[in-house]
Amino acid sequence: MTEKEKKKGKAPRVAMPEQKPEIRKRNFEEVPTGYTVAMAQEEAARCLQCKKPGCVEGCPVSVDIPGFINLIAKGDFTGAIRHVWTKNALPAVCGRVCPQEIQCEGKCIVGKRGEPVAIGNLERFVADWERESGTGALPPQAPANGKKVAVVGSGPSGLTVAGDLIQKGYEVTVLEAFHKPGGVLVYGIPEFRLPKAIVAQEVNFLERLGVKVEVNSVVGRTVSLDELFEEGYQAVYLGVGAGLPRFMNLPGENLIGILSANEYLTRANLMKAYRYPDVDTPIPKGKNVVVLGAGNVAMDSARTAMRLGADSVKIVYRRSRDEMPARGAEIHHAEEEGIEFFLLTNPTRFKGDDKGRLTGMECLKMELGEPDDSGRRRPIAIEGSEFHMDTDLVIVAVGSGANPLLTQSTPDMALNQWGYIVADPETGKTTKKGVWAGGDIVTGAATVILAMGAGRKAADSIDQYLSWGW
């Protein structure tokens with residue numbers, strides 16, 4: 001890279017090395033293998049250090065992106081990770097799974113002239129460097145103030161609240177229903193995209209700061225919100241996600257061989273079914289697998305099925321490629337790995353044999369009409385376009401709903417018509433005094449970083465409440 005290229009922001013983006021598609025499609029190891037020190041510093045040098053950085057504006061948790069990138073360029077990796085930690089307690093996670101292309105990188109000034117600075121790759125690099133080579137030194141914390149906060153759910157939203165408040169001096173306990181902390185980071189995102197050791201390390205960082213994590217704690221069953229207040233907690237944050245499976249209510253949907261993406265990915269990820277029989281969690285392994293949907297969850301399901309030995313994996317989606325909600329990188333990786341895309345296609349019914357097992361699916365071809373309430377063009381069936389698709393395993397990845405386990409046990413907290421918690425978008429306050437909520441249980445299924453952004457706002461509001469009152 002020449003000095004002239006640096007100044008004009010025209011130097012080429014440093015690509016992160018990856019496993020070759022023909023190799024990675026049959027293993028669960030992480031696809032991108034990470035930057036070397038030299039690669040990271042070369043990429044960091046592309047940053048223009050803008051006086052009014054658009055990248056920070058595009059970051060839901062307002063990380064000082066030029067600041068930590070400048071420290072990487074100078075070789076001060078310890079300073080860089082500590083700089084990130086002031087705003088983000090989960091940099092190794094965010095560097096891997098955040099949709100940077102529509103957030104920080106989407107507003108990068110360098111990107112207006114060429115490829116944007118690889119902010120996500122650099123965040124991942126500095127987090128990984130700290131884990132592998134760093135000193136283990138913790139960021140500064142405020143003195144303990146003796147006030148207790150309970151965080152229900154250990155997904156990205158809850159962990160952000162815990163990280164922010166522990167550094168402000170609060171005593172924080174995270175209550176997680178599963179046997180491992182991490183929420184969607186451990187049950188929903190596959191090992192090849194987000195290694196579970198990375199999530200465990202991020203949680204361990206919070207525990208080293210003083211956060212207490214209690215697993216197998218099903219709030220709404222083992223303990224109510226009111227009982228948490230009776231136990232001495234002065235504020236409660238709800239970050240329980242939206243993990244209720246959603247199906248399509250089509251004929252034949254109860255056949256053996258049709259399951260939700262929630263169950264499929266939970267078995268594969270949290271319960272390590274991909275290592276069966278070494279791990280005692282079975283999982284269906286179809287030969288001709290069909291995944292319904294085209295979001296990140298659908299891509300994760302399809303790529304998992306391929307790694308579990310499927311002969312063919314198809315994505316079936318009723319809209320066109322332009323409307324696919326998955327990240328561009330995930331779509332690209334899926335295509336490289338041999339996943340087939342059947343777009344403008346909609347299933348109408350499932351077929352089975354005399355033993356109740358799935359054998360195929362009837363579909364219709366679609367065309368796009370006028371935009372619907374989502375802003376996307378409405379798919380319309382093409383008359384007479386019916387066709388049959390062989391399949392022995394269908395994974396339904398068309399979204400999820402609000403889990404009612406906690407909300408049904410809290411009648412004095414308002415819900416909207418879809419069962420999600422009503423909370424102030426700027427503070428996270430619910431209609432129940434002393435209770436905040438954020439992430440998917442408020443907005444519906446969204447991204448990791450947006451859930452973290454909601455957690456950041458709620459943590460600030462909780463701090464204000466416990467300092468000055470409701």
Side-chain angles (χ1 to χ4, degrees), residues 59-62 88-90 93-94 97-99 102-103 149-165 172 174-178 182-185 187-189 218-220 224-225 228 233 235-246 262 295-297 325 373-375 398-465 470:
C59 175
V61 294
S62 302
N88 182 4
L90 307 174
V93 168
C94 290
V97 303
C98 284
I102 61 171
Q103 293 177 335
V149 177
V151 174
V152 183
S154 65
S157 180
L159 294 178
T160 297
V161 172
D164 281 10
L165 292 180
V172 183
V174 175
L175 305 169
E176 168 56 46
F178 279 134
V184 69
L185 303 175
Y187 75 73
I189 303 177
V218 187
V219 178
S224 69
L225 292 187
L228 289 177
Y233 292 102
V236 177
Y237 178 77
L238 307 178
V240 294
L244 187 68
R246 181 177 294 160
N262 304 61
N296 289 328
V297 173
D373 294 340
S374 71
V398 294
S400 57
N403 193 321
L405 194 64
L406 184 150
T407 55
Q408 285 182 349
S409 67
T410 315
D412 56 341
M413 185 169 59
L415 308 178
N416 66 18
Q417 59 182 316
W418 301 285
Y420 295 106
I421 296 172
V422 174
D424 186 295
E426 293 304 315
T427 64
K429 285 184 179 180
T430 72
T431 57
K432 185 176 177 65
K433 185 176 180 180
V435 178
W436 284 254
D440 292 1
I441 193 58
V442 172
T443 62
T447 63
V448 166
I449 193 66
L450 288 178
M452 293 176 65
R456 166 66 40 76
K457 291 178 180 179
D460 290 341
S461 180
I462 291 170
D463 180 40
Q464 183 179 36
Y465 164 67
W470 190 264

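The closest donor-acceptor contact from the side chain of Tyr237 to the backbone of Ala162 lies at 3.5 Å or more, if one exists at all. Formation of a donor-acceptor pair under 3.5 Å by the Ser400 side chain with backbone atoms of Ala242 is found in this model. Judged purely by atom type and a 3.5 angstrom limit, Asn403 has no side-chain atom pairing as donor or acceptor with the backbone of Leu244. Under the 3.5 Å distance criterion, the side-chain polar atoms of Thr430 are left unmatched by any main-chain donor or acceptor of Ala437. Remark: side-chain polar atoms of Ser154 are not paired, donor with acceptor, to backbone N or O of Glu176 under 3.5 angstrom. Listed for the Asn262 side chain is a donor-acceptor partner under 3.5 Å among the backbone atoms of Gly243. Side-chain N or O atoms of Arg246 include none that pairs as donor or acceptor with a backbone N or O of Gly399 at under 3.5 Å. Under a 3.5 Å cut-off, the side chain of Thr443 and the backbone N or O of Gly439 do form a donor-acceptor pair.
Taking the side chain as every heavy atom from C-beta outward, Leu228 and Leu175 approach each other to under 4.5 Å. In this structure, Leu238 and Leu225 have side chains that are in contact, with non-hydrogen atoms separated by less than 4.5 Å. Between Ser224 and Thr410, the closest side-chain pair of non-hydrogen atoms is not below 4.5 Å. Counting heavy atoms from C-beta outward, Cys98 and Thr447 have side chains that stay 4.5 Å or more apart.
The aromatic rings of Tyr187 and Phe178 lie perpendicular to each other, with more than 60° between the two planes, well past the 30° mark.
Atoms CG and CD, on Asp460 and Glu426 in that order, are 11.5 Å from each other to the nearest 0.5 Å. In this structure, the separation between OG1 on Thr427 and CD on Gln464 is 9.0 Å, given to the nearest 0.5 Å.
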